[in-house]
Amino acid sequence: MYMVYWTIVDEDRHTPHQRPFDTSEMVPAMQFMEELRARQRGGEGVRFVTMCSEHPDLVGHPGVDVTGPGYNWKKRRR
């Protein structure tokens, strides 16, 4: 799933907005972001245009997890 976030700035008022897109709709989400950026370039108070994704079939939990005693990762150096 994708979520596009943006803020409309009107004088001293900041109004946040969001619009969801399905996991199969990355291209439409990016096209929508470009529409928002075109409005911004045109002088409208559109700010902070960004997109975030979260996969619905994620296997693990997002973020950092505690490793067990058998975890032995080392950075390879050349």
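Count residues from 1 along the sequence. Please read all numbers here as calculations on a predicted model, not as lab measurements.
- The side-chain hydrogen bond (donor to acceptor under 3.5 Å, both in side chains) test applied to Arg37 returns no partner, not counting sequence neighbours.
- Atoms CD and OG1, from Glu54 and Thr23 in turn, are 9.5 Å apart once rounded to the nearest 0.5 Å.
- Tyr5 forms part of a hydrophobic cluster together with Met3, judged by ILVMFWY side-chain heavy-atom separations under 4.5 Å.
- Applying the side chain to side chain contact (heavy atoms under 4.5 Å, CB included) criterion to Ser24, with sequence neighbours excluded, gives Asp22.
- Counting only residues at least two apart or on different chains, the side-chain hydrogen bond (donor to acceptor under 3.5 Å, both in side chains) pairs with a member in residues 43-52 are Arg39-Glu44.
- Among residues two or more places apart in sequence or in another chain, the side-chain hydrogen bond (donor to acceptor under 3.5 Å, both in side chains) test is passed with Glu34 by Arg41.
- Other residues sharing the hydrophobic cluster of Val49, ordered by chain and number and joined by side-chain separations under 4.5 Å: Tyr2, Val4, Trp6, Ile8, Phe21, Met26, Met30, Phe32, Met33, Leu36, Val46, Met51.
- Shown here are the side-chain hydrogen bond (donor to acceptor under 3.5 Å, both in side chains) partners of Glu35, two or more places apart in sequence or in another chain: there are none.
- Other cluster members for Phe48: none, since no ILVMFWY side-chain heavy atom sits under 4.5 Å from it.
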